[in-house]
There are 2 protein chains.
Amino acid sequence: METIEQFLESKNIRVTAMRLLIYKFLAENQVAVTLSDIENAFEKADRTTLYRTIKTFEENDIVHQIDDGTGITKYALCEKGCNCEIETDLHLHFHCNNCNETICLTEHKIPQIKVPDGFVSENVNLVVKGICDKCSGQ
Amino acid sequence: METIEQFLESKNIRVTAMRLLIYKFLAENQVAVTLSDIENAFEKADRTTLYRTIKTFEENDIVHQIDDGTGITKYALCEKGCNCEIETDLHLHFHCNNCNETICLTEHKIPQIKVPDGFVSENVNLVVKGICDKCSGQ
DNA sequence: CAATAAATGCACTTCCATTGCATAGATATT
DNA sequence: AATATCTATGCAATGGAAGTGCATTTATTG
Ligand SMILES: [Mn+2]
Ligand SMILES: [Mn+2]
Ligand SMILES: [Zn+2]
Ligand SMILES: [Zn+2]
């Protein structure tokens with residue numbers, strides 16, 4: 001069982017208190033979070049530090065960015081076995097129009113999309129909007 | 001053959017010089033344009049007017065908004081027969097990582113996307129990124 | 001023509017993302 | 001251990017795009 005410390009070191013990222021806290025925060029949240037969400041969770045920390053921490057994570061394929069169409073960038077931990085380095089994030093994202101939460105549907109891979117002749121598809125962003133299970137359920 | 005004037009009137013939009021110019025500009029461009037693109041094309045006009053014109057078009061299903069992941073909203077004319085009022089834009093969009101242009105692939109409809117139980121899909125945003133025909137071709 | 005309504009232009013605001021630079025903290029080197 | 005070196009953090013400022021309030025111009029109506 002790999003600790004977070006070991007995991008970060010394996011990515012050649014220095015272990016700091018802040019990074020551990022933010023990593024744990026992301027791990028606790030099953031939904032994608034905004035920078036403001038992180039900011040609210042760590043009011044003592046500076047916004048820039050949080051921003052740069054998440055960028056460091058992103059550059060090292062620890063988190064992936066999600067553009068769910070709200071205009072605010074969201075972030076979520078990559079799955080364990082994900083190969084962000086090689087291929088881009090292939091699962092789809094769901095944005096709830098009711099509670100405004102965005103979640104990774106990591107089980108749901110994006111289908112192969114046909115593009116016209118002459119076009120080369122490199123990656124695909126697929127966001128489904130609607131009502132999430134928590135909001136639709138009773 | 002319907003003129004632009006008649007078309008705007010059919011949508012209960014007053015015909016103004018500015019609106020005609022912007023409509024023509026959109027019709028000339030086969031690619032999706034940003035507000036800045038329009039601004040550059042009409043340097044004499046005020047940004048707010050351009051902004052509000054495009055919003056008016058959007059509200060009346062003359063143009064649709066495209067979020068291609070660049071962070072900058074783009075707009076394109078709706079197809080003639082499109083039923084924006086009823087269903088959301090169902091075709092996919094292609095963003096070229098080389099020339100940065102985004103185009104509507106109106107022929108390519110978005111496939112039915114399965115979502116997990118409890119989730120309700122209301123609409124889907126699908127953007128394929130890669131290399132466009134102009135950039136890949138020789 | 002007067003009264004009314006809509007479109008335009010200017011200024012300003014808000015929100016989020018991003019950067020420069022100074023400082024604190026950690027690592028490496030002697 | 002002391003110093004030099006590098007990295008992470010914090011603060012302040014910037015930039016870009018979207019959006020709004022209000023005055024003015026322009027069009028429409030009676
Ligand atoms: Mn995801
Ligand atoms: Mn389109
Ligand atoms: Zn919900
Ligand atoms: Zn291209």
Side-chain angles (χ1 to χ4, degrees), chain A residues 4-5 7-26 32-60 62-76 95 100 102, chain B residues 4-26 32-60 62-76 95 100 102 125:
Chain A
I4 303 176
E5 284 88 344
F7 174 66
L8 293 180
E9 277 163 3
S10 77
K11 297 267 187 179
N12 287 314
I13 294 175
R14 297 231 176 114
V15 176
T16 69
M18 208 64 251
R19 287 173 178 175
L20 283 173
L21 285 170
I22 294 177
Y23 186 93
K24 282 176 194 157
F25 176 73
L26 291 167
V33 299
T34 65
L35 187 59
S36 297
D37 292 335
I38 304 176
E39 229 183 314
N40 292 334
F42 302 101
E43 305 211 328
K44 304 217 174 167
D46 184 73
R47 190 190 156 76
T48 316
T49 305
L50 304 175
Y51 173 75
R52 285 181 173 140
T53 300
I54 207 91
K55 284 292 160 193
T56 301
F57 285 177
E58 199 188 341
E59 285 159 16
N60 291 280
I62 294 172
V63 304
H64 61 279
Q65 196 171 325
I66 302 162
D67 172 13
D68 63 8
T70 56
I72 302 163
T73 308
K74 296 188 178 172
Y75 303 91
H95 175 75
N100 253 299
T102 297
Chain B
I4 303 175
E5 283 88 344
Q6 287 167 339
F7 174 66
L8 293 180
E9 276 163 3
S10 78
K11 298 267 187 180
N12 287 314
I13 295 174
R14 298 230 176 115
V15 176
T16 69
M18 209 63 254
R19 287 173 178 174
L20 283 174
L21 284 170
I22 295 177
Y23 186 93
K24 282 176 193 158
F25 176 72
L26 292 167
V33 299
T34 65
L35 187 58
S36 298
D37 292 335
I38 304 176
E39 228 180 315
N40 293 334
F42 302 100
E43 304 211 328
K44 305 218 172 166
D46 185 74
R47 227 196 77 248
T48 315
T49 305
L50 303 175
Y51 173 76
R52 285 181 176 142
T53 300
I54 207 89
K55 285 292 161 194
T56 301
F57 284 176
E58 200 187 341
E59 285 159 16
N60 291 280
I62 294 171
V63 304
H64 62 278
Q65 196 172 328
I66 302 162
D67 172 14
D68 62 8
T70 57
I72 302 164
T73 307
K74 296 186 177 171
Y75 304 90
H95 175 76
N100 253 300
T102 297
N125 182 34

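Below, chain A is the first sequence line, B the second, and so on; all start at residue 1.
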Exercise. Hey, does Glu58(B) have a side-chain heavy atom less than 4.5 Å from the side chain of Ile54(B)?
Worked result: no
Original post:
Hey, does Lys44(A) reach any base, or is it just sugar-phosphate, or nothing, if we go heavy atoms under 4.0 Å?
Top reply: nothing
Winner on side-chain proximity to Asp46(A), out of dG9(C), dA17(C), dC11(D), is dC11(D)
Walking DNA chain C from its 5' end, the first of Arg14(B) and Leu50(B) to be reached, judged by nearest nucleotide, is Arg14(B)
Sub-4.5 Å side-chain heavy-atom contact between Ile62(B) and Tyr23(B):
yes
Margin query: Taking any heavy-atom pair under 4.0 Å as a contact, classify Thr73(B): base, sugar-phosphate, or nothing.
Written below: sugar-phosphate
Please tell me if Thr16(B) has a side-chain N or O lying less than 4.0 Å from either OP1 or OP2 of dT26(D). no
Sugar-phosphate, base or nothing in reach of Arg52(A), heavy atoms under 4.0 Å = base
Rounded to whole Å, the CD1-C1' distance (Ile54(B) to dG19(D)) equals 15 Å
Comparing nearest nucleotides in DNA chain D, the 5'-proximal residue of the pair Val15(B), Arg47(B) is Arg47(B)
- Message: Centroid separation under 6.0 Å, is that true for the rings of Phe57(A) and Tyr75(A)?
- Response: no
Rounded to whole Å, NZ of Lys74(A) lies from P of dC15(C) at a distance of 17 Å
Rounded to whole Å, the CD1-P distance (Ile13(A) to dC6(D)) equals 20 Å
Phe42(A) CZ to dG10(D) P, in whole Å, measures 12 Å
Tyr51(B) has its side chain closest, among dT8(C), dG19(D), dA17(D), to dG19(D)
Notebook entry, point to check: Is the distance from OP1 or OP2 of dG9(C) to the nearest side-chain N or O of Thr49(B) less than 4.0 Å?
Noted result: yes
In whole angstroms, the gap separating P of dT20(D) from CG of Leu35(B) amounts to 14 Å
Practice prompt. Tell me what Thr48(B) touches on the nucleic acid: a base, only sugar-phosphate, or nothing, going by heavy atoms under 4.0 Å.
Written response: base
Exercise for review: Before giving the answer on side chain to side chain donor-acceptor pair (under 3.5 Å), spell out for Thr102(B) and Lys74(B) the whole-Å C-alpha distance, their side-chain angles and the decisive distance to 0.1 Å.
Suggested key: CA-CA 8 Å; Thr102(B) 297; Lys74(B) 296 186 177 171; 3.3 Å; yes
Rounded to whole Å, the CD-C1' distance (Glu58(B) to dG19(D)) equals 13 Å
Rounded to whole Å, the CD1-C1' distance (Ile72(A) to dA17(D)) equals 13 Å
Review point. Taking atom types as they are modelled, is there a donor-acceptor pair under 3.5 Å from the base of dC16(C) to the side chain of Ser36(A)?
Key: no
* Looking at side-chain heavy atoms only, is the closest gap between Arg14(B) and Arg19(B) below 4.5 Å? -> yes
Whole-Å distance, Glu59(A) CD to dT18(C) C1', equals 13 Å
